[in-house]
There are 2 protein chains.
Amino acid sequence: MSDLLERLRGRGWRMTAQRRVVAEVLDGEHVHLTADEVHARAVAKLPEISRATVYNTLGELVSLGEVLEVATDRRAKRYDPNAHRPHQHLVCARCGAIRDVHPTGNPLSDLPDSERFGFAVSDVEVTYRGICPSCAAA
Amino acid sequence: MSDLLERLRGRGWRMTAQRRVVAEVLDGEHVHLTADEVHARAVAKLPEISRATVYNTLGELVSLGEVLEVATDRRAKRYDPNAHRPHQHLVCARCGAIRDVHPTGNPLSDLPDSERFGFAVSDVEVTYRGICPSCAAA
DNA sequence: TAGCCAAGTCAGACATTGTCTAAGTCAGGT
DNA sequence: ACCTGACTTAGACAATGTCTGACTTGGCTA
């Protein structure tokens, strides 16, 4: 995903060492990191990067639609680099592990007009919860 | 819902003024209050009630299954007294208004086995997002 | 290549939401 | 009425995120 860096440059992003590092962290592991985890990994590559910059950069990536915010629990937001293919999340109720999943059908069509109360409904988030195999084994 | 007080007594709850007030607040308005809003309304009826007690009591009501926690944004949790009829939520992306909705179909059946990764999936939360009529008008 | 300056970064204070602690209070059984 | 453990309290603490105001720098211009 050095594509990502290209796209950002194309959108007029000023390229700095800090932004490159944050983008690389997200690119490097296709997991769902919290802001603090992103910060920790970024510090490993660029020790003087600050928390504020990581938050700012993540916020910008979200605004640009390059990264998704995921809030599967009430703890820290997580950042999902898989922003270009619609998907939902499956979360382990015990350990918090998160998987991207692709349900069949369109959940939007399950909400009849009579249940929309005049809202212009544009989006739906689905979070499946259960116990993951390793927690079930333990 | 003085039913609620009955049910709680039946479950061996020690009945205190504080718990009664919290239960009354939730009963009184079928909206989705945050813990702080519950606290504010509780203080109006019982000035010396503490924040900790409100949090404790809400937590107990949730454990007992009498109230649901709703996390439609990354701000404060909200508490939904409508715990006895399964439903999902429709949220205004602009003002945060929340409505209970009842989609057709069962979203659980939209997740094929091949997308369950060995999880024992037991629950699903759906949050619809859109613009409510009054925000659309403004 | 040098100089400029708005965009970007920084450390750390602050805000919000929620949890914990230790001491005091009270509901309800005897 | 009295006891006792459950309940409540004020406030400290914790986790996450936002803001501020001074400093730094990417990349344009010449």
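Order of the sequence lines fixes the chain letters, A, B, ..., with proteins taken first and strands second; residue numbering starts at 1 for each chain. On a predicted model such as this, the values are computed, not experimentally measured, just so you know.
Side chains of A:D36 and A:V54 form no contact here, defined as non-hydrogen atoms less than 4.5 Å apart. The closest side-chain heavy-atom distance from B:V25 to B:E37 is not below 4.5 Å. No side-chain heavy atom of B:R19 sits under 4.5 Å from any side-chain heavy atom of B:L8.
Per the geometry, CH2 belonging to B:W13 stands 18 Å off P belonging to C:dC26, to the nearest Å. Spacing between atom CZ of B:R78 and atom P of C:dT16 amounts to 15 Å, rounded to whole angstrom units. Across the protein-nucleic acid pair, A:R14 atom CZ and D:dT25 atom P stand 12 Å apart, rounded to whole Å. Rounded to whole Å, atom C1' of C:dG18 lies 15 Å from atom CD of B:E60. In this structure, B:Y79 places its OH atom 6 Å from P of C:dG18, rounding to the nearest Å. The distance between atom CD of B:E37 and atom C1' of C:dT16, rounded to the nearest whole Å, is 14 Å. Distance, B:R11 CZ to D:dA6 C1': 18 Å, rounded to whole Å. Rounding to whole angstrom units, CD of residue B:E48 and P of D:dG11 are separated by 15 Å.
In this pair, A:H87 and A:H102 present their aromatic rings tilted. The plane angle is within the 30 to 60° band.
Residue B:A35 is the one, among B:A35 and B:T16, whose nearest nucleotide of DNA chain C lies closer to the 5' end (criterion: closest heavy atom). The 5' end of DNA chain D is approached more closely, in terms of each residue's nearest nucleotide, by B:L46 than by the other of B:L46 and A:N56. When each of A:D36 and A:A52 is assigned the nucleotide of DNA chain D with its nearest heavy atom, A:D36 is the one assigned upstream, toward the 5' end.
Within the structure, every side-chain polar atom (N or O) of A:R75 is placed at least 4.0 Å from both OP1 and OP2 of C:dT17. OP1 or OP2 of C:dG8 has not a single side-chain nitrogen or oxygen of A:T53 nearer than 4.0 Å. A sub-4.0 Å separation between OP1 or OP2 of D:dT18 and a side-chain N or O of A:Y55 is absent. B:S50 has no side-chain polar atom (N or O) that falls below the 4.0 Å cut-off from OP1 or OP2 of D:dT8. For the OP1/OP2 pair of D:dT8 and a distance below 4.0 Å, the side-chain nitrogens and oxygens of B:R19 include at least one atom meeting the criterion. At least one side-chain nitrogen or oxygen of A:Q18 sits closer than 4.0 Å to the OP1 or OP2 atom of C:dC10.
Within the 4.0 angstrom heavy-atom criterion, only backbone atoms of the sugar-phosphate kind lie near A:A76; the bases stay farther away.
With hydrogens and angles ignored, no donor-acceptor pair closer than 3.5 Å exists between the side chain of A:R51 and the base of C:dG12.
Distance from the side chain of B:M15 is smallest to C:dG28 among C:dT9, C:dG28, C:dG18.
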Please step through side chain to side chain contact (heavy atoms under 4.5 Å, CB included) for the pair B:Q88 and B:T127, ending with a clear verdict. CA-CA 6 Å; B:Q88 307 298 342; B:T127 303; over 6 Å; no
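Other members of the hydrophobic cluster containing A:F119, listed by chain and number, are A:L90, A:V101, A:L108, A:L111, A:F117, A:V121, A:V124, A:V126, A:Y128, B:L90, B:V101, B:L108, B:L111, B:F117, B:F119, B:V121, B:V124, B:V126, B:Y128; membership follows side-chain contacts under 4.5 Å among ILVMFWY residues, whether direct or relayed.
Panel note: side chain A:T104, backbone B:D110; a donor-acceptor pair is recorded below 3.5 Å.
Summary of helix geometry: the two end axes of the helix from C:dT1-D:dA30 to C:dT30-D:dA1, each defined by five base pairs via their C1' atoms, are inclined to each other by 30° (rounded to 10°).
Note on A:L68 and A:L61: separate hydrophobic clusters, where clusters join Ile, Leu, Val, Met, Phe, Trp and Tyr whose side-chain heavy atoms are under 4.5 Å apart, directly or indirectly.
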